[in-house]
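Below, chain A is the first sequence line, B the second, and so on; all start at residue 1.
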2 protein chains.
Amino acid sequence: MRSAQKQKLSDSLSHQLATCGFRFTPQRQHVYSVLLGKLDHPTAEEVFIRAKRELPDISMATVYNCLDALVKCGLARQVSLARGATRFCPNMKNHCHFYCDTCESVFDVNLPAEPGIALPEGFKAAHYDIAIHGRCPACANGGK
Amino acid sequence: MRSAQKQKLSDSLSHQLATCGFRFTPQRQHVYSVLLGKLDHPTAEEVFIRAKRELPDISMATVYNCLDALVKCGLARQVSLARGATRFCPNMKNHCHFYCDTCESVFDVNLPAEPGIALPEGFKAAHYDIAIHGRCPACANGGK
DNA sequence: GATTTGGTTTAGAATTATTCCAAATATTGA
DNA sequence: TCAATATTTGGAATAATTCTAAACCAAATC
């Protein structure tokens, strides 16, 4: 990534954090860059392992804190697809997730528009989470 | 519930289990009736507590086993909405879930039709899981 | 510039959620 | 009825997440 681009990213991160009353810290910056570095829906544990390469002293608690801050300020989504660890996704475009029940991989699937589901009186929707379960191409073939 | 109705339920349970190669057991029957008894999306722990009232010796491992069997044979859905325990839902009609981020309650929301999302070549969808996050009527008013 | 204030990080303990295991038991099919 | 196999049980083990207190750090105040 070019340095100017990196600068831009950290400006927007800093701004988004500030908007929600969070401080900008090296840990948060790095956790965000780890998320952006590989869009494979890592768990907190996986983010922790990746973050450690550059910040060897970062702790698990901090990774959770950073991820939560990113989610709260709208720079990442938390993805709960099955029992087991929650995953994180920095793709904030309108999309949903395909979860392969066989290999447990997650794929982003573009959504043309928000679903538009009629809610009963009084419910206030903040966001939609659509998950499609099934088999990915590799598992649909291989696994018979 | 009338006895004839109960009989019918356990017939269909027995049949569904058999179809997937599972055996019909008193524990599975009771766990299923616990789920049907209160449609509030309980966690495995909550099911365990409720099931114990009638089957005091049932174990947590059995509750998980029963719930998994019900899910696999199509009599219940597993619902992952946030970090923390998975919940279970015996409503198999076409519906989605509204999750109140404030009080953590779950509500069923009717869906007129399946969403119909275009998947990339090779992906095989088994089922859709739509969750709407936001605030329920009580929390939308009270909080704030 | 020194001080206060409060958010953040850290390591590790604690808790929660789920899975695994081996022995005992129950169910199904022959 | 008997054998074969699935299921249940209690408890141990593991995985995922949260909590806690002390140290640290940045921004606001004096």
Strand-adjacent residues in residues 66-77 of chain A, judged by heavy atoms under 4.0 Å from DNA chain C: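 None - not one residue of the stretch has a heavy atom sitting under 4.0 Å from the strand.
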Nearest listed nucleotide, side chain of B/Arg23, among C/dC20, D/dA4, C/dT9: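 Among C/dC20, D/dA4, C/dT9, the one nearest the side chain of B/Arg23 is D/dA4.
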Nearest-nucleotide pick for A/Asp57, side chain only, options being D/dT8, C/dT10, C/dT27: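 Minimum distance to the A/Asp57 side chain belongs to C/dT10.
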A/Lys52, NZ atom: more than 12 neighbouring heavy atoms under 6.0 Å: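 Atom NZ in A/Lys52 is crowded, with more than 12 foreign heavy atoms closer than 6.0 Å.
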Ring center gap for B/Tyr99 and B/Phe107 short of 6.0 angstrom: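 Aromatic pair excluded; centres sit 6.0 Å or further apart.
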B/Asp40 and B/Arg50 ion-paired at < 4.0 Å: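 Between B/Arg50 and B/Asp40 there is a salt bridge, with a charged N closer than 4.0 Å to a carboxylate O.
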Please report, rounded to the nearest Å, how far the [atom2] atom of [N] is from the [atom1] atom of [X].
X: B/Leu81; N: D/dT17; atom1: CG; atom2: C1'; answer: 17 Å
X: A/Phe22; N: C/dT9; atom1: CZ; atom2: P; answer: 11 Å
X: B/Gln78; N: C/dT19; atom1: CD; atom2: P; answer: 8 Å
X: A/Asn65; N: C/dG6; atom1: CG; atom2: P; answer: 18 Å
X: B/Leu55; N: C/dA26; atom1: CG; atom2: C1'; answer: 14 Å
X: B/Gln29; N: D/dT8; atom1: CD; atom2: C1'; answer: 16 Å
X: A/Phe48; N: C/dG12; atom1: CZ; atom2: C1'; answer: 12 Å

B/Arg28 (side chain) and D/dT7 (base): donor-acceptor pair under 3.5 Å: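 Answer no: no donor N or O sits under 3.5 Å from an acceptor.
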Working for side chain to side chain contact (heavy atoms under 4.5 Å, CB included), residues A/Val47 and A/Val31: CA-CA 7 Å; A/Val47 171; A/Val31 164; 4.1 Å; yes
Taking all heavy atoms of [X] and all of [Y], pick out the closest pair and write down the distance.
X: B/Ile58; Y: B/Phe48; value: O-CE1, 3.2 Å
X: A/His133; Y: A/Leu81; value: CE1-O, 3.2 Å
X: B/Pro42; Y: B/Glu46; value: CA-OE1, 3.0 Å

Polar contact flag, side-chain donor to acceptor under 3.5 angstrom, A/Asn141-A/Arg135: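 There is no such pair (donor and acceptor under 3.5 Å, judged by atom type) between the side chains of A/Asn141 and A/Arg135.
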Flag for A/His97-A/Asp129: side-chain donor and acceptor within less than 3.5 Å: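 Note: A/Asp129 and A/His97 side chains miss the donor-acceptor criterion.
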Any A/Val79 side-chain heavy atom under 4.5 Å of A/Thr86 side chain: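 The answer is no, as the side chains (C-beta and beyond) never meet within the 4.5 Å cut-off.
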Test item: B/Arg28 and B/Asn65 side chains (from C-beta on) under 4.5 Å apart, heavy atoms: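 Yes, side chains in contact.
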Residue-phosphate contact under 4.0 Å: A/Thr25 side-chain N/O, C/dT8 OP1/OP2: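 Result: no.
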OP1 or OP2 of C/dT10 under 4.0 Å from side-chain N/O of A/Gln27: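 Yes, A/Gln27 has a side-chain N/O under 4.0 Å of OP1/OP2 on C/dT10.
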Helix axis bend for the helix from C/dG1-D/dC30 to C/dA30-D/dT1 - C1'-based end axes, five pairs, 10° rounding: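 Overall, the helix from C/dG1-D/dC30 to C/dA30-D/dT1 bends by 40° from one end axis to the other.
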Residue mapping more 5' on DNA chain D - nearest nucleotide basis, B/Pro26 or A/Phe24: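 Its nearest nucleotide being more 5', the pick is B/Pro26.
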Derivation and outcome, side chain to side chain contact (heavy atoms under 4.5 Å, CB included), residues A/Asn91 and A/Leu39: CA-CA 8 Å; A/Asn91 174 359; A/Leu39 304 171; 5.7 Å; no
Strictly under 3.5 Å: I want the nitrogen or oxygen pairs between protein and nucleotides 15-18 of chain C, one per line.
from   : atom 1 : to      : atom 2 : distance (Å)
C/dT18 : OP1    : B/Thr86 : N      : 3.1
C/dT18 : OP1    : B/Thr86 : OG1    : 3.1
C/dT18 : OP2    : B/Tyr64 : OH     : 2.6
C/dT18 : O5'    : B/Tyr64 : OH     : 3.1

